[in-house]
S.K.: 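Below is a structure I'd like to ask you about.
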Protein chains: 2
Amino acid sequence: MTALTPVDAKALADIALFAALPPAVLEEAAAMARTRPLPRGLRIFDQGEPAGRAHALLSGGVRITQAGSDGEEILVRLIGSGEIFGCVPVLTDGLYPADATAIVDAVELSWDPADLLALMQRHSRIAINMVAIVGKRLGEAQERLRELATQSADRRIARTLLRLLDQAGCRTGDGLRIDFPLRRKDIADIAGTTLHTASRILAAWQRDGLLISRNRHLVIASPEAMDRIAEGN
Amino acid sequence: MTALTPVDAKALADIALFAALPPAVLEEAAAMARTRPLPRGLRIFDQGEPAGRAHALLSGGVRITQAGSDGEEILVRLIGSGEIFGCVPVLTDGLYPADATAIVDAVELSWDPADLLALMQRHSRIAINMVAIVGKRLGEAQERLRELATQSADRRIARTLLRLLDQAGCRTGDGLRIDFPLRRKDIADIAGTTLHTASRILAAWQRDGLLISRNRHLVIASPEAMDRIAEGN
DNA sequence: CGAGGTGTTGAGGCCCATCAACCCGTGTGG
DNA sequence: CCACACGGGTTGATGGGCCTCAACACCTCG
């Protein structure tokens, strides 16, 4: 069951949770980690289920969604390589607060919750890194909250795209590309609107040449114009 | 300038950040802390300003609000006694992400950011407690996000009141009372709606006897009915 | 080739933000 | 002691943004 492939300590250096740690500690964390490939589409864990492992992504992408009792869902966050996910419940109530699905073929590291907790107890730097990571996400969530309460759908979608560029943007010939594969529904679920509204707005931007949409990827041709929409109107 | 009143280590035991710590560590934290009374209405810090201190509330209440460039604001959180605030920037970018105002006469403890950081480095338990606290808030923010994106204004206001009851509710003769003084605008800014809509909805509930509104305090006469509104409709 | 997931576009209507007017209690200063 | 300002609350009227419902086109994959 458990992959016995030894985990390379150098791989851990790319994970924000282990930033600024001496090699010995990386070795220690690597010794307790387990590697696993995540084929596209795999459901990694379900909302409400006991947190059996704490996760970090070495490559690929993972979609974190949260559904309410009525079935309506939002996209809480997209996880890229080097990011952790499903780690907070280790320290709180022990239940995953959301669903996690691989959106491209990916590779993860994971730890037994008790092991990660022990690691954090021994090395406060890891715990401090985790506060910084979770704190940053909290700040983003509050920003989204404010936008959702006060701004129009097109501004929110523009902000969504800019944030995604920030997280996973890369230069291409005709603009900046978002490295995650995104459905219209994903955009809508991040921006807090419906598939239909998102589709209309993106189609309009595409007509105006702000945006190029290729199979499941978005390229922002004019980040400046996008900025302008995100700000004024 | 600095209050030289020695801080009682026992007072620290009521602060969640210092839960489950040996007395010696409490003494250590107390020695670096500074006490300050916060008269009602005092602006404790401003959004965007460098985080000069990390704060914890011994008694009273503090309102944390965040304003966008256009002036629209939301109420990020109400801080009650035993809770920390303005502590995350110590570990991230060093800027307060929101405004903080005392809404009743209060007393705070505060630390120099470097001291708190050192304390967390020495005692990983403190850092771990902080992850738990920030993680819990992140979960709440994501829940609010989902509600705001998918639910009607009255459901959101009902959820808001229930959450506040959970945080600061106390039994009274005619129901459960929320211990913070709340303006209609505060409710609106938490639930993500306008003063007008909040006023209408609360007035309707008051007519139906679900709710009593006394000077600036709310008493929920029927938490069950409130639950029903928060769920189905 | 059919099935299912996805994207597009139109039509209609409703929730709620907005604008507006007015009331009330409190404090303040001439 | 009255006038006035000011923060806060209530309530009506109106309009528009966007959600909802619906129909159809496209693509991939078994």
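Each chain gets a letter, A, B and so on, in the order its sequence line appears, and its residues count up from 1.
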S.K.: To the nearest Å, give me how far apart CG (B:Leu195) and C1' (D:dG9) are.
M.R.: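 That distance rounds to 7 Å.
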S.K.: For the pair made of CH2 in B:Trp205 and P in D:dT10, what is the distance, rounded to whole Å?
M.R.: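 Atom-to-atom, B:Trp205 to D:dT10, this comes out as 14 Å.
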S.K.: Does one side chain, of A:Thr101 or A:Asp99, offer a donor that lies under 3.5 Å from an acceptor on the other?
M.R.: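 No, because no side-chain N or O of A:Thr101 sits under 3.5 Å from a partner of the opposite role on A:Asp99.
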S.K.: Is a donor on one side and an acceptor on the other found under 3.5 Å between the side chain of A:Arg146 and the backbone of B:Ile74?
M.R.: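 Answer holds: no.
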S.K.: Rounded off to whole Å, could you give me the CD1-to-P distance for the A:Ile103 and C:dT6 pair?
M.R.: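 My rounded result for the distance is 12 Å.
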S.K.: Just by modelled atom types, is the A:Gly169 backbone N or O under 3.5 Å from a matching donor or acceptor in the A:Asp179 side chain?
M.R.: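 Side chain of A:Asp179 to backbone of A:Gly169, a donor-acceptor pair under 3.5 Å: no, none is there.
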S.K.: What is the distance, rounded to the nearest whole Å, between atom CG of A:Leu211 and atom P of C:dG7?
M.R.: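 That distance rounds to 13 Å.
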S.K.: Over how many whole Å does the gap from B:Arg184 atom CZ to C:dC24 atom C1' extend?
M.R.: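 So the two atoms are 14 Å apart, to the nearest Å.
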S.K.: Please confirm whether B:His55 and B:Phe45 have ring centers closer than 6.0 angstrom.
M.R.: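 Aromatic pair counts; centres sit under 6.0 Å.
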S.K.: What's the CD1-C1' distance between A:Ile187 and C:dT6, to the nearest Å?
M.R.: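 In whole Å, C:dT6 C1' and A:Ile187 CD1 are 14 Å from each other.
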S.K.: Does a side-chain N or O from B:Thr197 land closer than 4.0 Å to OP1 or OP2 of C:dA17, or not?
M.R.: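 B:Thr197 to C:dA17 OP1/OP2: side-chain N or O found under 4.0 Å.
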S.K.: In terms of side-chain heavy atoms of B:Ala153, which of C:dC16, D:dC18, D:dC19 is nearest?
M.R.: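 Closest nucleotide among those given: C:dC16.
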S.K.: Just N and O in the side chain of A:Thr194: are any of them under 4.0 Å from OP1 or OP2 of D:dC18?
M.R.: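 No, because none of the side-chain N or O atoms of A:Thr194 sits under 4.0 Å from OP1 or OP2 of D:dC18.
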S.K.: Taking the nucleotide of DNA chain C with the closest heavy atom to each, which residue, A:Leu202 or A:Thr150, is nearer the 5' end?
M.R.: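 With A:Leu202 and A:Thr150 compared, the 5'-side residue is A:Leu202.
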S.K.: Taking the side chain of B:Ser199 as its heavy atoms from C-beta onward, which of C:dT6, D:dG9, D:dC18 lies nearest to it?
M.R.: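 Comparing C:dT6, D:dG9, D:dC18 against the side chain of B:Ser199, the answer is D:dG9.
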S.K.: Tabulate atom names and distances for all N/O pairs under 3.5 angstrom spanning the protein and nucleotides 10-13 of chain C.
M.R.:
{"unit_1": "C:dG10", "atom_1": "N7", "unit_2": "A:Arg200", "atom_2": "NH1", "d": "3.0"}
{"unit_1": "C:dG10", "atom_1": "O6", "unit_2": "A:Arg200", "atom_2": "NH2", "d": "3.1"}

S.K.: Atom CG of A:Leu148 to atom P of D:dG17: distance rounded to whole Å?
M.R.: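 Between P of D:dG17 and CG of A:Leu148: 17 Å.
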S.K.: Using side chain to side chain donor-acceptor pair (under 3.5 Å) as the criterion, list what pairs up with B:Thr197, not counting sequence neighbours.
M.R.: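 Checked B:Thr197 against side chain to side chain donor-acceptor pair (under 3.5 Å); matches are B:Thr194.
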S.K.: Judged by atom type as modelled, is there a donor-acceptor pair below 3.5 Å linking the side chain of B:Asp93 to the main-chain atoms of B:Leu95?
M.R.: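 Such a contact is found between B:Asp93 side chain and B:Leu95 backbone.
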S.K.: Between atom CD in B:Gln151 and atom C1' in D:dC19, what is the gap in whole Å?
M.R.: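 Taking atom C1' of D:dC19 as the reference, CD of B:Gln151 is at 15 Å.
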S.K.: Output yes when at least one side-chain N/O atom of A:Thr193 is less than 4.0 Å from OP1 or OP2 of D:dC18, else no.
M.R.: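 So the side-chain polar atoms of A:Thr193 never come under 4.0 Å of the phosphate oxygens OP1 or OP2 of D:dC18.
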S.K.: Where the side chain of B:Arg156 meets the backbone of B:Gly192, is there a donor-acceptor pair that is under 3.5 Å apart?
M.R.: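 Indeed, once roles are kept as given, a pair shorter than 3.5 Å links the two residues.
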